[in-house]
Amino acid sequence: MKKPVRLLSSTLALTLFLTACSEESGEESGSDTAEEQTNEQTSEEESTADTEEQTEENNESADDEAASGSENDETTEEQQPEDASNTEEASNGNSSEDSESTDEEASADAQSDSDAEDTNATVTNIVDGDTIDVDYEGGEERIRLILVDTPETKHPQMDVQPFGPEATEFTTSVLEGEDVRLELGVEERDYYGRLLAYVFVDGENFNQQLIEEGLARVAVYPPNTEYLDEFEAAEEEARSAGIGIWSLEDYVTDDGYEEQDDESQDSPGESGSSDSGESSEDVYYENCDAARDAGADPVREDDPGYGGHLDRDGDGVGCET
């Protein structure tokens with residue numbers, strides 16, 4: 001009967017041992033599980049912390065970018081007024097320069113017009129169509145108009161030529177007593193001591209007006225040829241229109257004017273007869289040689305043909321020697 005009790009005790013001991021082992025194993029397992037859960041929770045907390053830190057960093061970066069963008073916007077806004085100001089200044093500068101350029105051009109044009117109207121001489125006497133006397137630079141000068149030749153009216157060796165009186169009358173009507181501007185030629189004086197000039201009255205070239213009226217031909221004596229092209233164009237128009245000197249066939253030559261018979265000179269509108277108002281007393285000597293050729297030297301102040309150009313010393317007697 002004792003063997004079964006021992007066997008039962010052994011069985012009970014084994015059972016208790018296994019139970020104890022199971023409980024210990026469960027504790028260890030539970031401990032491991034708890035530790036694993038703790039570790040996992042710690043890992044999750046660390047991951048959450050990392051995520052929050054990353055989020056904060058991202059937010060800080062976004063804030064920095066926003067701040068940077070704001071600064072850039074402020075800089076842009078500051079630059080834009082400056083750029084606009086610079087653009088406006090540049091525009092104003094260009095407008096100012098354009099305005100100044102326009103003002104300068106207008107001033108130059110006004111100056112040119114003013115120069116054209118400036119006067120430097122006063123006409124005191126009309127000798128004939130292309131020769132006048134003027135008060136110039138404090139003294140009296142005889143002026144021979146450049147590039148024009150009108151028919152003669154007072155030549156000592158020629159009769160009065162057709163349209164000569166008309167030319168003289170036209171010159172008298174336009175220039176007598178007028179303030180004019182003399183533009184001297186490159187060669188200022190001719191063989192006889194006369195000043196060679198273009199005469200401007202009210203800004204108009206009177207030399208050219210004579211040609212346009214058909215009262216003068218173009219006569220070229222280099223180097224005084226400044227307005228030659230304009231004068232030749234005016235001469236061609238007068239010739240084509242057949243006015244004045246161009247109304248007489250073969251009258252105008254390269255050297256001057258051909259003699260006309262009485263029938264031609266008596267034609268309407270032509271001169272050369274006593275109706276012109278010129279008397280035999282109206283005599284003009286271009287120089288002392290002409291006076292000597294006419295046997296008129298010496299020429300005294302009251303003699304026909306006397307002029308200051310013959311009396312250089314002003315003693316009232318010209319061509320004394």
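What you see is a predicted model; the values in this text were computed from it and never measured.
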Inset, instruction - To the nearest 0.5 Å, tell me how far I211 CD1 sits from D149 CG. - result: 10.0 Å
Inset, instruction - Taking the side chain as every heavy atom from C-beta outward, state whether I245 and L215 have any atom pair closer than 4.5 Å. - result: no
Legend entry - Salt bridge present between R142 and D133 (N-O < 4.0 angstrom): yes
Inset, instruction - Assess whether atom CD of E169 is packed by more than 12 heavy atoms of other residues, nucleotides or ligands within 6.0 Å. - result: no
Inset, instruction - Determine, for R144 against D190, whether the closest basic-nitrogen to carboxylate-oxygen distance falls under 4.0 angstrom. - result: no
Inset, instruction - Work out which heavy atom in T122 is nearest to a heavy atom in G177; give both atom names and the distance. - result: CG2-O, 4.2 Å
Legend entry - Cluster check V186, L145: I/L/V/M/F/W/Y, side chain < 4.5 angstrom: no
Legend entry - Closest contact, heavy atoms only, A216 versus T150: CB-CG2, 3.7 Å
Inset, instruction - Step by step, work out the side chain to side chain contact (heavy atoms under 4.5 Å, CB included) result for L196 and L184. - result: CA-CA 6 Å; L196 303 173; L184 302 185; over 6 Å; no
Inset, instruction - May I ask you to say whether E141 pairs ionically with R189, meaning some side-chain N is under 4.0 Å from a carboxylate O? - result: yes
Inset, instruction - Determine yes or no for a side-chain-to-main-chain donor-acceptor pair under 3.5 angstrom, with Y227 supplying the side chain and N205 the backbone. - result: no
Legend entry - Shortest non-hydrogen contact between I143 and A197, atoms and distance: CG2-CB, 3.9 Å
Legend entry - Minimum side-chain heavy-atom gap L147-L228 below 4.5 Å: yes
Inset, instruction - Determine, using ring centers only, whether F170 and F206 are less than 6.0 Å apart. - result: yes
Inset, instruction - Measure the shortest side-chain to side-chain distance between N224 and P222 over non-hydrogen atoms and say whether it is less than 4.5 angstrom. - result: no
Legend entry - N/O donor-acceptor pair under 3.5 Å between E235 side chain and V218 backbone: yes
Legend entry - Residue pair V148 / I146, side-chain heavy-atom distance below 4.5 Å: no
Inset, instruction - Could you tell me which non-hydrogen atom of G242 sits nearest to which non-hydrogen atom of S247, and how far apart they are? - result: O-CB, 3.5 Å
Legend entry - Under 3.5 Å donor-acceptor, K154 side chain and D128 backbone: no
Legend entry - Cationic N near anionic O, under 4.0 Å, E183 to R181: yes
Inset, instruction - Answer whether the closest heavy-atom distance between the side chains of L182 and Y136 falls below 4.5 Å. - result: yes
Legend entry - Point-to-point distance, once rounded to the nearest 0.5 Å, from CD of Q161 to CD of E259: 6.5 Å
Legend entry - Considering all heavy atoms, the nearest P162-L248 contact: CB-CD1, 3.8 Å
Legend entry - Check: G164 main-chain N/O paired with T168 side-chain donor or acceptor under 3.5 Å: yes
Inset, instruction - Apply the test side chain to side chain contact (heavy atoms under 4.5 Å, CB included) to residues F200 and D118: give CA-CA distance (whole Å), side-chain angles for both, the deciding distance (0.1 Å), then the verdict. - result: CA-CA 9 Å; F200 289 84; D118 283 345; over 6 Å; no
Inset, instruction - Would you please say whether a donor-acceptor pair under 3.5 Å links the side chains of E212 and Q208? - result: yes
Legend entry - Steps toward side-chain hydrogen bond (donor to acceptor under 3.5 Å, both in side chains) verdict (T124, D135): CA-CA 7 Å; T124 58; D135 184 3; over 6 Å; no
Inset, instruction - Please answer whether the main-chain N or O of A121 pairs with a side-chain N or O of T119 as donor and acceptor at a distance below 3.5 Å. - result: no
Inset, instruction - State whether the side chain of N207 and the backbone N or O of V199 hold a donor-acceptor pair below 3.5 Å, judged by distance alone. - result: yes
Inset, instruction - Mind running side chain to side chain contact (heavy atoms under 4.5 Å, CB included) on R194 and T131 for me, showing each step along the way? - result: CA-CA 9 Å; R194 298 175 297 185; T131 309; 4.0 Å; yes
Legend entry - Smallest separation among heavy atoms of P223 and E187, with atom names: CD-OE1, 3.5 Å
Inset, instruction - Would you check if Y198 and E226 make a side-chain contact, meaning some heavy-atom pair closer than 4.5 Å? - result: yes
Inset, instruction - Examine W246 and L210 and state if one hydrophobic cluster contains both, with Ile, Leu, Val, Met, Phe, Trp and Tyr joined whenever side-chain heavy atoms are less than 4.5 Å apart. - result: yes
Legend entry - Distance, nearest 0.5 Å, that separates CD1 of I126 from OG1 of T171: 6.5 Å
Legend entry - Step-by-step side chain to side chain contact (heavy atoms under 4.5 Å, CB included) determination, V201 to V174: CA-CA 8 Å; V201 57; V174 176; 4.0 Å; yes
